[in-house]
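Working notes for the structure below.
Both ligands and their constituent atoms are indexed starting at 1 by order of listing.
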Amino acid sequence: MNTEQVDVLIIGAGPAGTVAASIVHQAGFKVKIVEKQLFPRFVIGESLLPRCMEALSEAGFVDAVSEKGFQQKAGAKFVKESKICDYQFADQFTPGWNWTWQVPRADFDKTLADTVEKMGVPVHYETTVANIVFNGQDSVTTVEDKEGNPTEISARFIIDGSGYGRVIPKLFNLDRPSTQVPRKALFVHTVDKKRSMADEPNRITIVVHQPGVWIWIIPFANGITSLGFVGNPEFFKQYEGTDEEILRGLIASQPYFAGRFEDVEFVFAPRVLESWSATTDKFYGDGFVLTGNVTEFLDPIFSSGVTLATVSSQTAAKLVIRKLNGETVDWDKEYMQHMMQGVNTFRSYVTSWYEGVLDTIFFADNQDPLVKSQICSVLAGYVWDLDNPYVKNHETALHKLARTITLRDLVAADKAE
Ligand code: FAD
């Protein structure tokens, strides 16, 4: 069997794989990506966060993505009945990017993969990792083409960006059950002809449908809008019919959609995703590092997936370069703990969202502009800024704030009586 020799083998050509490939390639190493599917391919995860722009920029992708003319995103709007809470990234506390994009991922991911290929990184599509044997840090990976023909790739290091494929955790039994409550999404792309009636398209809108159930509205530049309901699987079980009938019924029952989405044309049959949260014991090992969704994916509510995918790859790629240059890397401190700082901050926000704590904060009257700007930074993906008390004290700060708001409202109601 032919054995090809590379410095770094990257598994997966999603945002995690391509960002890592570009940064390691720019440092002069021989890199190769193997990707199971043929691009363009559908994947969900269409609303980006400003923090991912730093990773895309370091990877040299921003110009190529800009040329595609994707919809710019300047904020996030939350809606609950007649109440609206609008976060504008321009108002955020942490210095950094204040905009990003809303992207059909098939097109976005292909743009990143084509760009890294033009830089000189070969991307082998329809090539699936079947097995990996580690010999210390070095490894030999067996990959198969679509006919099942095997070849071997010998590498000094592997970056696993295989997303929901979870290649290394599955091969080496590193997967662990997530602590997140299982949730389900029912979603579709719509031909959004009546979009002008809403103050969009330059933001994501999140609508609280009922406690624990929410809807995303993500308009793209091409007139298509992504629409998805997310909730406990039990919520969906109470409805009968096909996925399309259930989704149309849910749309008809949501007053915020009145006049816009009833009878809207669906671009494809509604899709379902369920129980997507996953985690692993360790994000690294001798000769490999896991990046992107392979590490930990929590929940779609704050659009953190692509940001965590690209930032983990940006961080890991620089550590891999140091390692290959013979330097010592403290993977636990410099990678795992660093990434968990961001993941755990989002975890607190996700938990607070489903507990209703963030409802109290988002839809409060007379919000403190400084506090709002600090929460806005988290929503922009700046979850490593420890100068932000709503990052540093993420486990307690939201509950404290919600209690203060509730108490203030009670006192005001008392006085009014
Ligand atoms: P992927 O984009 O999944 O790429 C991994 C690649 O690896 C794939 O192309 C796959 O084909 C390839 N691969 C898999 N196995 C193998 C193998 N054996 N050999 C070779 N290649 C392989 N994120 C956001 O940022 N914003 C959102 O609005 C958002 N909404 C979401 C909504 C839902 C319902 C869900 C479930 C997730 C959402 N996400 C969102 C998360 C987002 O989908 C992921 O976080 C993101 O795609 C992760 O990127 P990645 O590069 O790690 O993985």
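Closest to atom 38 (C) of ligand 1 among all protein heavy atoms lies F297 CZ, 3.8 Å. Counting protein heavy atoms only, atom 21 (N) of ligand 1 is closest to K36 N, 3.0 Å. The protein heavy-atom contact nearest to atom 39 (N) of ligand 1 is G45 CA, 3.6 Å. Atom 53 (O) of ligand 1 has G163 CA, 3.5 Å as its closest protein atom, hydrogens excluded (heavy atom only). Scanning all protein heavy atoms for the shortest distance to atom 49 (O) of ligand 1 gives A309 CB, 3.8 Å. Protein heavy atom closest to atom 28 (O) of ligand 1, with residue, atom name and distance, is S47 N, 3.3 Å. Looking only at protein heavy atoms, the nearest one to atom 32 (C) of ligand 1 is P300 CB, 3.3 Å. When hydrogens are left out, the protein atom nearest atom 18 (N) of ligand 1 is V167 CG2, 3.2 Å; that is the closest non-hydrogen contact.
In this structure, a donor-acceptor pair under 3.5 Å is present between the side chains of Q5 and S154. Side-chain contact, T291 with S312: no donor N or O sits under 3.5 Å from an acceptor N or O. Using modelled atom types, one finds no donor on one side chain facing an acceptor on the other under 3.5 Å when comparing E355 with T351. Using a 3.5 Å distance cut-off with no hydrogens or angles, the side chains of T142 and N131 do not pair a donor with an acceptor. In this structure, a donor-acceptor pair under 3.5 Å is absent between the side chains of H124 and E35. Counted by atom type alone, H189 and E46 present one or more donor-acceptor pairs between their side chains at under 3.5 Å.
Of all the listed residues (L49, I44, I10, L298), I44 holds the heavy atom that lies closest to atom 35 (C) of ligand 1. Here atom 37 (C) of ligand 1 lies nearest to Y164 when heavy atoms of Y164, W276, Y125, F39 are compared.
Per-residue contacts place G165 under 4.0 angstrom from the following atoms of ligand 1 (heavy atoms of the residue considered): 14 (C), 15 (N). Within ligand 1, counting atoms from 1 as listed, the ones closer than 4.0 Å to a heavy atom of G14 are 4 (O), 51 (O). Per-residue contacts place Q37 under 4.0 angstrom from the following atoms of ligand 1 (heavy atoms of the residue considered): 10 (C), 11 (O). In the vicinity of V34, heavy-atom distances shorter than 4.0 Å reach the ligand 1 atoms 20 (C), 21 (N). Heavy-atom contacts of A185 reach the following atoms of ligand 1: 34 (C) (cutoff under 4.0 Å). The T128 neighbourhood of ligand 1 comprises atoms 18 (N), 19 (N), with distances under 4.0 Å to a heavy atom of that residue. Close contacts of ligand 1 with V306, meaning ligand atoms under 4.0 Å from a residue heavy atom, involve 23 (N), 24 (C), 25 (O), 45 (O). Interface atoms of ligand 1 facing G292, defined by a heavy-atom separation under 4.0 Å, are 52 (O).
One finds no salt bridge joining K30 and D7 here, because no Lys/Arg side-chain nitrogen approaches an Asp/Glu carboxylate oxygen to under 4.0 Å. Remark: D192 engages R260 in a salt bridge, criterion side-chain N to carboxylate O under 4.0 Å. With salt bridges taken as basic N to acidic carboxylate O contacts below 4.0 Å, none links R183 and E274. Electrostatic pairing of K68 and D107 counts as a salt bridge here, judged by a charged N lying under 4.0 Å from a carboxylate O. Salt bridge present: R166 and D175 bring a charged side-chain N and a carboxylate O closer than 4.0 Å.
The parts of A16 lying near ligand 1 are both backbone and side chain, judged by heavy-atom distances below 4.0 Å. The part of R105 lying near ligand 1 is the side chain, judged by heavy-atom distances below 4.0 Å. With a 4.0 Å heavy-atom cut-off, ligand 1 is reached by no atom of F187.
Judged by distance alone, the side chain of Q102 and the main-chain N or O of I204 form a donor-acceptor pair under 3.5 Å. Listed for the E245 side chain is a donor-acceptor partner under 3.5 Å among the backbone atoms of T242.
Heavy-atom separations between T127 and ligand 1 include at least one value shorter than 4.0 Å. Contact annotation: R166 has no heavy atom less than 4.0 Å from any atom of ligand 1.
Considering backbone and side-chain N/O atoms, V43 never comes within less than 3.5 Å of an N/O atom of ligand 1. For R41, a nitrogen or oxygen atom sits less than 3.5 Å from a nitrogen or oxygen atom of ligand 1, counting backbone and side chain alike. Close N/O approach between S304 and ligand 1 is not found [any backbone or side-chain N/O within under 3.5 Å].
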Applying side chain to side chain contact (heavy atoms under 4.5 Å, CB included) to F236 and F229, what does each step give before you reach the verdict?
CA-CA 9 Å; F236 293 95; F229 280 72; 4.1 Å; yes
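For E240, the CD atom sits in a loose shell: 12 or fewer heavy atoms of surrounding residues, nucleotides or ligands are nearer than 6.0 Å.
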